[in-house]
Amino acid sequence: MHDENDPSRLTEDEKKLFEDLMPEDLDEILDSGVNRRHFLKLVTLAGGGMLAAQSAVAEQLLTKPLSSSPTELSSATIENGVTVSLKVNGTTQKLVVDSRMTLLDTLRERLELTGSKKGCDHGQCGACTVLVNGQRVLSCLTLAASCEGKRVQTVEGLAQGTTLHPMQAAFLKHDGFQCGFCTPGQLCSAVALIEEAKNGHASYVTEAIRKQPAPVQLSNEEIRERMSGNICRCGAYPNIVAAIQEVHSGKPVEQTFNFSA
């Protein structure tokens, strides 16, 4: 039951606004309130000039507090609900999710860890890469329920307080990002890559894999192959390779810039 004095409760004008502009979300909004996704969609519509006729109502909505965290939901209010307990960035989280909910949606929608990005949502771009028990996974293809009792690390958990992870610092030094959308997945993938090489895991381009019990020395070709699942539409690949090589080798990598004559 909704509290009549709840500041996030919608007025009739606000309900009409959502009914006109976001009819596909209306039932969810009336049931659980305006969440981050609804808010961003409304901001997008405002930026596109689609709220001119209802500007006063829209302004009122955009200054309201978002509805309370959905982590308070119970199995009775979620279809196919299951209870999942996992440790995310060092903190134990116990929540009820739909058994079909992906780890990516759980992180973003339920735990508000929006660093991991939903790019293709088909496991092809790598923007959603996170670490589960130290291994990189595509969180858009991983069910949250399958992570019961496991450790999950996202890009938000790489730094220690205000001290950046060495990989983050190297990405900054070598301009390993431009728009930044793929960067969280690139970073998590790169951190896991370093550990894989230390443990002697071979890649498609590793030579003499049958004689490879020791850590793999990463050439630039090795790094490119091992990072091939992470797509950067901006094309910052040489910078990303340089950043990873610097962390791997522990030695400064010269920054080279090629300009057209």
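- L143 shares a hydrophobic cluster with no other residue; no ILVMFWY side chain has heavy atoms under 4.5 Å from its own.
- Separating the SG atom in C125 from the NZ atom in K117 is a distance of 11.5 Å, to the nearest 0.5 Å.
- Of the charged side-chain nitrogens involved, none lies within less than 4.0 Å of a carboxylate oxygen, so that K251 and E246 do not count as a salt-bridged pair.
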Candidate pair L172 and L164, rule side-chain contact (heavy atoms from CB on, under 4.5 Å), full reasoning: CA-CA 10 Å; L172 283 172; L164 293 179; 3.4 Å; yes

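- Proximity of R100 to N80: side-chain heavy atoms (C-beta onward) are separated by under 4.5 Å at one or more points.
- To the nearest 0.5 Å, atom CG of residue N230 and atom OG of residue S189 are 4.0 Å apart.
- Cluster partners of L104, using a side-chain heavy-atom cutoff of under 4.5 Å among ILVMFWY residues and allowing indirect links: none.
- F181 and L113 end up in different hydrophobic clusters when Ile, Leu, Val, Met, Phe, Trp and Tyr side chains are linked at under 4.5 Å.
- I194 and I240 fall within the same hydrophobic cluster, where Ile, Leu, Val, Met, Phe, Trp and Tyr residues are linked whenever their side-chain heavy atoms come under 4.5 Å apart, directly or through other members.
- Distance CE/M167 to SG/C188: 10.5 Å, rounded to 0.5 Å.
- At a threshold of 4.5 Å between non-hydrogen side-chain atoms, the residues I244 and L193 count as touching.
- Crowding of E24 atom CD: a count of heavy atoms from other residues, nucleotides or ligands under 6.0 Å exceeding 12.
- By the 4.5 Å heavy-atom criterion applied to side chains, Q245 and I223 are counted as neighbours.
- Separating the CD atom in E156 from the CD atom in E112 is a distance of 11.0 Å, to the nearest 0.5 Å.
- You'll find the side chain of V130 reaches within 4.5 Å of the side chain of V137, heavy atoms only.
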CA sep, side-chain torsions, deciding dist, call: S99, V82, side-chain contact (heavy atoms from CB on, under 4.5 Å): CA-CA 6 Å; S99 60; V82 295; 4.0 Å; yes

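- Within a 6.0 Å sphere centred on NZ of K87, heavy atoms belonging to other residues, nucleotides or ligands number 12 at most.
- Tracing side-chain contacts under 4.5 Å through hydrophobic residues (I, L, V, M, F, W, Y), one never reaches V253 starting from V247; they form parts of separate clusters.
- A salt bridge links R226 and E222; the closest N-O separation between the charged side-chain nitrogens and carboxylate oxygens is under 4.0 Å.
- Between atom CG of residue L107 and atom SG of residue C140 there is a gap of 12.0 Å, rounded to the nearest 0.5 Å.
- Residues N89 and T154 meet the side-chain proximity criterion, which asks for heavy atoms closer than 4.5 Å.
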Criterion side-chain contact (heavy atoms from CB on, under 4.5 Å) on L95 and T83, from CA distance to verdict: CA-CA 6 Å; L95 62 163; T83 301; over 6 Å; no

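- For the atom pair NE2 of H201 and OG of S203, the computed distance is 12.0 Å after rounding to the nearest 0.5 Å.
- Minimum heavy-atom separation, G180 to P184: O-CD, 3.5 Å.
- A salt bridge is defined here as a Lys NZ or Arg NE, NH1 or NH2 lying under 4.0 Å from an Asp or Glu carboxylate O, and R110 with D105 fails to meet this definition.
- Taking the charged nitrogens against the carboxylate oxygens, E12 and K15 do have a contact shorter than 4.0 Å, which makes a salt bridge.
- Using a 4.5 Å heavy-atom threshold, the side chains of E196 and Q135 count as separate.
- L26 is not listed as a side-chain neighbour of E28, based on a closest heavy-atom distance of 4.5 Å or more.
- Looking at L158 and L187, their side chains come closer than 4.5 Å, going by heavy atoms from C-beta outward.
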Residues L86, K150; criterion side-chain contact (heavy atoms from CB on, under 4.5 Å); working and verdict: CA-CA 5 Å; L86 60 164; K150 296 181 180 179; 5.5 Å; no

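- Under 4.0 Å is where a charged nitrogen must lie from a carboxylate oxygen, and between E195 and K198 at least one such pair does.
- With sequence neighbours excluded, the residues satisfying side-chain contact (heavy atoms from CB on, under 4.5 Å) with L138 are C128, T129, L141.
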